[in-house]
Protein chains: 2
Amino acid sequence: MGLLQEIKQTKPFASREQEAVLAILKTADDLRRRIAGPVESRGLSLEQYNILRILRGAGTAGLPTLEVAARMIERTPAITRLMDKLEQKGFVDRERCLTDRRQVFCRITPAALALLTEMDSAVIGLDSQTIQLPEVELEQLLKTLQNIRESLT
Amino acid sequence: MGLLQEIKQTKPFASREQEAVLAILKTADDLRRRIAGPVESRGLSLEQYNILRILRGAGTAGLPTLEVAARMIERTPAITRLMDKLEQKGFVDRERCLTDRRQVFCRITPAALALLTEMDSAVIGLDSQTIQLPEVELEQLLKTLQNIRESLT
DNA sequence: TGAAGATGATTGACATGTCAAGCAGTTTGC
DNA sequence: GCAAACTGCTTGACATGTCAATCATCTTCA
């Protein structure tokens, strides 16, 4: 069953390229829903989880708010508000930078670190369950998607 | 520049599969932003545009509200409210079905049809500008994404 | 030095996405 | 028939995403 039947389109796609665009959008959406499960069952949204993973990678130094935004898909204002919530939940500490008082450094708390550790294996397992492709096909996919993103710049 | 640098991840991906998941999510997001331009410049959101395209495909008979939802990525409640707005703008007519009074048939209006026609070439052109891949690679991409979606069921 | 501009972050207003609950109308099975 | 279950759609409440505007703080450079 191709995407054509899958989204029950009556008319054929205008072009193979258009079909590809829609296929990428739909696949991403399906993936998002699938991946969200184990994260949301622990009271985090997928976006909050992503922030925490980035902050974990940053270590004890933490990161400025906008640096976190730069590593994510989200726009700036969304980060501020997500960070507010994570702070409320006790998963993030924020502190104004002393040398540049415009910046606010965000750091993951021990509680959040513990939670992430607990979730790691479930999430990693889910990724490999979800993407079951021969090595060659997987590499090709990564290459093609990168091509597309580059041509978007 | 790979996705690794692109999203400035400090640590490597846990697996190639995880990298693929993130690549699909990010590519979809980049695409969405790119494609939105010509649609939003005419006062429609991407979602409203999708609904109108589906209704155009359905012809003068129209479609029940939930049938439109089924052809889209959106969940049911979102459709009701998007349809409210399209009706307000005069782009959609709604009428309760006589034989099954639970259903509400939605039809595209002539005004919306004209608007869509005006937008068609711009959108189609954008798709082919955006996806610039050799034929073989394009076909492979479609096949791989379909594989992934099927394994999500 | 001090005014103009850049940068980091936040807020307001609004669009969309989602679940849970609810209502109206249909169907089913006794 | 008629109560129970199902279906189609809508609403409420809330999370997220986005733009534009704003505030505070640097930086630059005449």
Side-chain angles (χ1 to χ4, degrees), chain A residues 25-26 28-37 39-52 62-89 91-107, chain B residues 25-26 28-37 39-52 62-89 91-92 94-106:
Chain A
L25 293 178
K26 182 154 191 358
D29 214 80
D30 290 353
L31 276 177
R32 196 183 308 273
R33 291 216 177 94
R34 178 72 185 286
I35 301 284
V39 175
E40 293 182 350
S41 72
R42 286 176 173 85
L44 288 179
S45 71
L46 212 46
E47 297 76 17
Q48 292 173 345
Y49 173 67
N50 279 335
I51 291 182
L52 291 181
L63 282 177
T65 305
L66 291 196
E67 186 54 32
V68 176
R71 298 186 190 195
M72 293 184 66
I73 291 172
E74 323 297 332
R75 296 274 194 249
T76 308
I79 296 293
T80 293
R81 284 187 267 246
L82 284 170
M83 210 64 89
D84 288 346
K85 287 183 194 165
L86 286 172
E87 196 178 17
Q88 275 175 22
K89 293 188 193 177
F91 291 152
V92 159
D93 278 335
R94 288 201 278 190
E95 195 179 354
R96 202 157 277 278
C97 173
L98 292 177
T99 61
D100 183 343
R101 298 176 30 71
R102 291 171 303 182
Q103 294 184 331
V104 176
F105 271 75
C106 306
R107 259 185 303 277
Chain B
L25 293 178
K26 182 154 191 358
D29 214 80
D30 290 352
L31 276 177
R32 196 183 310 273
R33 290 214 178 96
R34 179 71 185 285
I35 302 285
V39 175
E40 293 182 350
S41 73
R42 286 174 173 88
L44 287 180
S45 71
L46 212 46
E47 298 77 16
Q48 293 173 345
Y49 173 68
N50 280 334
I51 290 182
L52 292 181
L63 282 177
T65 306
L66 290 197
E67 185 53 33
V68 176
R71 298 187 190 194
M72 294 184 66
I73 291 171
E74 323 296 332
R75 297 272 194 249
T76 309
I79 297 293
T80 294
R81 285 187 266 247
L82 285 170
M83 210 64 89
D84 290 345
K85 286 183 195 168
L86 287 173
E87 195 178 18
Q88 276 174 22
K89 293 187 193 179
F91 291 152
V92 160
R94 286 201 278 189
E95 196 179 354
R96 201 158 278 278
C97 173
L98 292 177
T99 61
D100 183 344
R101 295 174 33 70
R102 289 171 304 182
Q103 292 185 332
V104 176
F105 271 75
C106 306

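Chain letters run A, B, ... following the sequence lines, proteins first, then strands; residues in each count from 1.
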If I take atom [atom1] in residue [X] and atom [atom2] in nucleotide [N], what distance separates them, rounded to the nearest angstrom?
| X | N | atom1 | atom2 | result |
| --- | --- | --- | --- | --- |
| A/I79 | C/dT10 | CD1 | P | 11 Å |
| A/D84 | C/dT10 | CG | P | 7 Å |
| B/L63 | D/dG8 | CG | P | 14 Å |

List the residues meeting side chain to side chain contact (heavy atoms under 4.5 Å, CB included) with B/R94, not counting sequence neighbours, and say none if there are none.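 For B/R94, the residues satisfying side chain to side chain contact (heavy atoms under 4.5 Å, CB included) (neighbours in sequence not counted) are B/M83, B/D84, B/E87, B/V92, B/V104, B/C106.
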State, yes or no, whether a side-chain contact exists between A/D93 and A/F105 at a heavy-atom distance under 4.5 Å.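 Counting from C-beta outward, A/D93 and A/F105 never come under 4.5 Å.
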Is there side-chain contact between A/R32 and A/L46, with at least one heavy-atom pair below 4.5 Å?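 Yes, close enough: below the 4.5 Å cut-off.
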To the nearest 0.5 Å, what is the distance between NZ (B/K26) and CE (A/M72)?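 B/K26 NZ to A/M72 CE: 11.5 Å, rounded to 0.5 Å.
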Of all residues at least two apart in sequence or in a different chain, which pass the salt bridge (Lys or Arg N to Asp or Glu O under 4.0 Å) check with [X]?
| X | answer |
| --- | --- |
| A/E95 | A/R107 |
| A/R42 | A/E118 |
| A/R33 | A/D29 |

Contacts under 3.5 Å, N or O only, protein and nucleotides 15-17 of chain C:
| from | atom 1 | to | atom 2 | distance (Å) |
| --- | --- | --- | --- | --- |
| C/dT16 | OP1 | B/S45 | OG | 2.6 |
| C/dT16 | OP2 | B/K85 | NZ | 2.9 |
| C/dG17 | OP1 | B/E74 | OE1 | 2.9 |
| C/dG17 | OP1 | B/E74 | OE2 | 3.4 |
| C/dG17 | OP2 | B/E74 | OE1 | 2.8 |

A/Y49 and A/V39: which non-hydrogen atoms are nearest, and at how many Å?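 So the two residues come closest at CB-CG1, 3.5 Å.
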Selection: residues 95-106 of chain A, any non-hydrogen atom under 4.0 Å of DNA chain C: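 Hits under 4.0 Å, by residue number: A/R102, A/Q103, A/V104.
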What contact category does A/T65 fall into here, base, sugar-phosphate, or nothing, at under 4.0 angstrom with non-hydrogen atoms?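 Sugar-phosphate only.
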